[in-house]
2 protein chains.
Amino acid sequence: MYVTSPVSYFEPVSIDDVMHQHELEPAVYHTSTAEAGQPLFCEGDDADFVYEVLEGVVRTSKLLCDGRRQVLAFGYPGDIIGLSHDQIYHSDCDAVSDTKVRVYHKNASGTSFADEPQLCDQFLRHATAEVHDMQEHFLMLGRKSAVEKVASFLVVLLDRVGENNDCKSCFSLPMSRSDIADFLGLTIETVSRTFTKLRKDKIIELPNPHRVCVCKSAKLRALAERSS
Amino acid sequence: MYVTSPVSYFEPVSIDDVMHQHELEPAVYHTSTAEAGQPLFCEGDDADFVYEVLEGVVRTSKLLCDGRRQVLAFGYPGDIIGLSHDQIYHSDCDAVSDTKVRVYHKNASGTSFADEPQLCDQFLRHATAEVHDMQEHFLMLGRKSAVEKVASFLVVLLDRVGENNDCKSCFSLPMSRSDIADFLGLTIETVSRTFTKLRKDKIIELPNPHRVCVCKSAKLRALAERSS
DNA sequence: CGTCTATTTGAGTTAGCTCAACCGTCGTGG
DNA sequence: CCACGACGGTTGAGCTAACTCAAATAGACG
């Protein structure tokens, strides 16, 4: 699911499994790739496809007309992107790193999934899980300080993609500081300063700007999880 | 749908209609009332019911352990409250004003709606519409100034429940300043000051703290819709 | 080796916060 | 019937976290 929440309750089930279970023809989907920086879709486009991220990371975002941007979510493998209630995408989606996706073609009959109940139920699970994650993100955007925001962000990634290296847990940060800032509702400078602060406090290490090693995950969680 | 977005594309369809269409027994739901201030459910409770607001206004919110609160949404008639991906509510829900709700009992088989495809499809529409509205709210929480936030909030209500009184459009504001503050990620004082500013600029009138008349809706929209 | 871009760091500013006082309404009890 | 207290809302004054603008640094790439 989307990386918006400090805790993930939802166990993703590949939509592929559901499709196969019900012997839907492979014609209704195919796989595709996108290079880092390439768009998958733009706000306003007809929402003809639903995407499942297989490899890499994508970013969904919305723009204000004066250029301010809000990153809505980073999509990691297993995440479903592009569900829309009205056949139009309401955000931009771009590949952050080189990405492989599975593309589901919308059923010709339009927006209804009622004639594919298993798929519908699966999408409903994804949608409600997404709502849940977005709610955590709300709490973060609305009520947390810069340190709490950055710590929360790192904890989500830690739990989702962290790999243990002798008592440290490391992961890559494919997105730019600007992406992180626009995700957390901060400026690039504040994000950078906050990373530096966490590094100076020996809570994390930054071998390079796109790699994080968490040394004191308990302290990091304490900073993030002032949430109940 | 939830009041989170400056623009509403989704035309709510009462779940009741869907139920009747498919001749589901009335036993699977009933109506209920809640007085202002009463809880409908709490974070952590088993998510046994899904609610549809019929009359009044409800509020969903989450708390940080130190008491900071984020109001996630205000639920107006037609809105669906309480969908969960894992059978547990992840927010509190309380009645803001005296409220009438329709209560849907979860199917005994558990979380799946696959055996009620029409209902599932309808819930999926609600869920994706909710995701859409939440995305607009993200932009607001993350990237807008206090004036833009308050203006956006008023525009949503204007479009949803505004009633024309000679060239003004009026509506009631049943929630407290504190609810509004926690919805917009501001403090009570900032909300109050912003209302005062809009009043002094003759953009709105405040006959009393819980009633708003919008005099210059174009100006209000301009303040809100710096969004694209 | 120079250029370009992303990131970090520094210095000063400000929007919104905190704390405190004040106001108006409403319900209660003398 | 009026005084009083409680509560929600408004206003004021000063503070601070995060912002803006600017400069320094560091890789990446031709």
Side-chain angles (χ1 to χ4, degrees), chain A residues 35-37 59 64 66-71 94 96-98 140-154 172-201 204-212 223 226, chain B residues 36-37 59 64 66-71 94 96-97 140-154 172-201 204-212 223 226:
Chain A
E35 283 177 37
R59 158 188 16 103
L64 292 175
D66 61 3
R68 283 176 291 179
R69 184 179 68 150
Q70 177 67 43
V71 170
D94 306 271
V96 166
S97 58
D98 292 348
M140 182 155 83
L141 278 178
R143 287 290 170 231
K144 288 191 182 180
S145 69
V147 190
E148 291 168 346
K149 285 177 178 182
V150 171
S152 303
F153 175 64
L154 292 178
S172 82
L173 223 49
M175 64 292 287
S176 68
R177 292 293 185 266
S178 168
D179 287 336
I180 298 172
D182 288 343
F183 181 65
L184 299 177
L186 299 170
T187 58
I188 306 174
E189 294 94 328
T190 300
V191 170
S192 182
R193 275 184 248 274
T194 306
F195 272 115
T196 303
K197 178 180 163 32
L198 293 175
R199 183 170 52 69
K200 287 190 176 163
D201 293 349
I204 62 171
E205 285 171 8
L206 295 166
N208 70 62
H210 291 283
R211 184 145 195 92
V212 178
L223 285 176
R226 300 169 162 284
Chain B
R59 159 190 13 103
L64 293 175
D66 60 2
R68 283 176 291 179
R69 184 180 69 150
Q70 178 66 43
V71 169
D94 305 272
V96 167
S97 58
M140 184 155 83
L141 277 178
R143 285 292 171 229
K144 287 192 181 180
S145 69
V147 190
E148 290 168 346
K149 286 177 177 181
V150 171
S152 302
F153 174 64
L154 293 178
S172 82
L173 222 49
M175 64 292 287
S176 68
R177 293 292 185 268
S178 167
D179 288 336
I180 299 173
D182 288 343
F183 181 64
L184 300 177
L186 299 170
T187 57
I188 306 175
E189 295 94 328
T190 300
V191 170
S192 182
R193 276 185 246 275
T194 306
F195 273 115
T196 302
K197 179 180 162 31
L198 293 175
R199 183 170 53 69
K200 287 190 176 163
D201 292 350
I204 62 172
E205 286 170 8
L206 296 166
N208 70 62
H210 291 285
R211 183 146 195 92
V212 177
L223 285 177
R226 299 167 160 284

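Sequence lines set the chain letters: A, B, ... in the order given, protein chains first and strands last, and positions in each chain run from 1.
Nearest to the side chain of Arg177(B), among dG10(C), dC19(D), dG9(D), sits dG9(D). Taking only side-chain atoms of Ile188(A), from C-beta outward, the nucleotide of dG16(C), dC19(D), dT8(C) with the closest atom is dT8(C). Looking at the side chain of Arg199(B), the nearest of the listed nucleotides dC17(C), dT7(C), dT11(D) is dT11(D).
Taking atom CD1 on Ile180(B) and atom P on dT10(D), their separation rounds to 9 Å, with Å as the unit. What separates NZ of Lys197(B) from P of dT10(D) is a distance of 16 Å, to the nearest Å.
For the pair Ser145(A) and Glu148(A), the minimum side-chain heavy-atom distance is below 4.5 Å. Using a 4.5 Å heavy-atom cutoff, the side chains of Val191(A) and Phe153(A) are not in contact.
Without hydrogens or angle criteria, Arg177(B) side chain to Pro209(B) main chain gives a donor-acceptor distance under 3.5 Å.
Within 4.0 Å of Thr196(B), counting heavy atoms only, lie sugar-phosphate atoms of the nucleic acid but no base atom.
Listed pair Ser192(B) / dT10(D) meets the phosphate criterion, a side-chain N or O lying under 4.0 Å from OP1 or OP2. Taking 4.0 angstrom as the limit, Thr187(A) places none of its side-chain polar atoms (N or O) nearer than this to OP1 or OP2 of dA18(D). Contact check, His210(A) against dT7(C): a side-chain N or O comes under 4.0 Å of OP1 or OP2. At the phosphate of dC19(D), OP1 or OP2 sits under 4.0 Å from a side-chain N or O atom of Thr190(A). Residue Arg193(A) places no side-chain N or O under 4.0 Å from the OP1 or OP2 atom of dA11(C).
Summarising the geometry of Thr194(A) relative to Val147(A), their closest heavy-atom pair is CG2-CA, 3.9 Å, with the distance given to 0.1 Å.
Nearest-nucleotide mapping onto DNA chain C: of Arg143(A) and Phe195(A), the residue sitting toward the 5' end is Phe195(A).
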